[in-house]
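Quick caveat, the model's predicted, so the values are computed rather than measured. So that the names make sense, note that chain A is the first sequence line, chain B the second, and so on, each numbered from 1.
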Amino acid sequence: MSEKADKNDFFELVFAVVAQIPEGKVTSYGAIANFLKDKRAARMVGWAMNASHKQKRAIPAHRVVNQQGLLTGKMHFETPTAMQERLQAEGVVVINDQIQNFENVFWQPKIEA
DNA sequence: CCCATGACCACAA
DNA sequence: ATTGTGGCCATGG
């Protein structure tokens, strides 16, 4: 089988991690990038999220925020408020696009088969 | 083909 | 502590 798409692996890896985020929890781009040994490539993670809409897999991109716990990419969602509303629907307190008690809801990326 | 932008993060001054 | 720049890789014009 010739799996060669390296960049595709990056996508799958990011999607895999994001898909494993438990409800009521969030993670950061840098955390994922760091997990991928490319902490400088945090932008690529965000870019992968942009492609998450194309993925058939349910990618809870709303659970992915920046290191500050700020909903930077809310504008890329269906609606600018979809991200915040969705997070709150999962029990995450978000005020002014800022996740409250971010440390408590922070989830460390890890591959759980 | 070259330039500019992007859901970011880390480091230096 | 804050501000500014670089770096990362890919996509778009």
Side-chain angles (χ1 to χ4, degrees):
Chain A
M1 329 239 278
S2 333
E3 294 93 22
K4 57 271 174 223
D6 291 331
K7 60 177 182 173
N8 195 357
D9 285 344
F10 190 85
F11 272 67
E12 292 298 313
L13 199 44
V14 173
F15 293 145
V17 172
V18 176
Q20 266 85 82
I21 302 174
E23 297 182 3
K25 298 285 181 136
V26 293
T27 190
S28 61
Y29 306 96
I32 298 173
N34 187 5
F35 177 74
L36 302 179
K37 305 298 184 283
D38 286 312
K39 78 179 181 184
R40 304 296 187 192
R43 295 179 110 181
M44 273 62 269
V45 178
W47 166 70
M49 292 287 93
N50 191 1
S52 65
H53 286 281
K54 294 183 173 182
Q55 291 295 320
K56 306 305 180 189
R57 216 172 193 116
I59 307 300
H62 59 274
R63 294 183 189 152
V64 183
V65 295
N66 63 351
Q67 194 76 89
Q68 298 178 352
L70 187 64
L71 283 55
T72 52
K74 62 172 188 172
M75 52 178 70
H76 290 274
F77 274 81
E78 311 161 3
T79 58
T81 55
M83 193 173 188
Q84 180 171 338
E85 292 293 307
R86 216 161 186 181
L87 285 170
Q88 293 190 72
E90 296 188 352
V92 179
V93 181
V94 180
I95 300 176
N96 193 10
D97 302 327
Q98 173 63 57
I99 296 178
Q100 304 304 309
N101 200 6
F102 180 56
E103 303 178 39
N104 191 29
V105 295
F106 185 80
W107 176 81
Q108 180 69 17
K110 58 182 179 184
I111 299 294
E112 295 194 11

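Side-chain contact between Val93(A) and Asn101(A) is absent, with no heavy atoms from C-beta onward closer than 4.5 Å. Under the 4.5 Å side-chain criterion, counting only non-hydrogen atoms from C-beta, Val18(A) is in contact with Met49(A).
Atom P of nucleotide dC9(B) and atom CZ of Phe35(A) are separated by 17 Å, given to the nearest angstrom. Here dG6(B) presents its C1' atom at 8 Å from CE of Met44(A), a figure rounded to the nearest Å. Put simply, CD on Gln68(A) is 10 Å from C1' on dC8(B), counting in whole angstrom units. If you measure from atom CG of Asp38(A) to atom C1' of dG7(C), you get 12 Å, rounded to the nearest angstrom.
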Compile the donor-acceptor pairs under 3.5 Å between side chains in residues 70-77 of chain A and protein atoms, sequence neighbours left out, one pair per line.
| residue | atom | partner | partner atom | Å |
| --- | --- | --- | --- | --- |
| Lys74(A) | NZ | Asp97(A) | OD1 | 3.4 |
| Lys74(A) | NZ | Asp97(A) | OD2 | 2.3 |

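Transitive grouping of hydrophobic side chains (ILVMFWY, heavy atoms separated by less than 4.5 Å) brings Trp47(A) and Phe35(A) into a common cluster. At a threshold of 4.5 Å between side-chain heavy atoms, the hydrophobic network of Ile, Leu, Val, Met, Phe, Trp and Tyr places Trp107(A) and Val94(A) in two separate groups.
Here, dG6(C) and dC3(B) have their P atoms 16 Å apart, quoted to the whole Å. Taking the P atom of each, dT5(C) and dA4(B) are spaced 15 Å apart, rounded to whole Å.
Comparing dA7(B), dA10(C), dG6(B) by their nearest atom to the side chain of Trp47(A) picks out dA10(C). The nucleotide whose nearest atom lies closest to any side-chain atom of Phe77(A) is, among dC9(B), dT11(C), dA7(B), dA7(B). For Arg43(A), taking side-chain heavy atoms from C-beta onward, the closest of the listed nucleotides dC9(B), dG6(B), dA10(C) is dG6(B).
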Distances under 3.5 Å between protein N/O atoms and the N/O atoms of nucleotides 11-13 of chain B, please, pair by pair.
none

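Nucleic acid contact for Asn66(A): sugar-phosphate only, since backbone atoms but no base atoms lie under 4.0 Å from a heavy atom of the residue. Among the atoms of the strands shown, base atoms are found under 4.0 Å from some heavy atom of Ala61(A).
Within the 4.0 Å cut-off from OP1 or OP2 of dC8(B), not a single side-chain nitrogen or oxygen of Ser28(A) is found.
Arg63(A) places a side-chain N or O within donor-acceptor distance of the main-chain N or O of Ile21(A), the cut-off being under 3.5 Å. Put simply, the side chain of Glu23(A) never gets that close to the backbone of Glu90(A): no donor and acceptor are under 3.5 Å apart.
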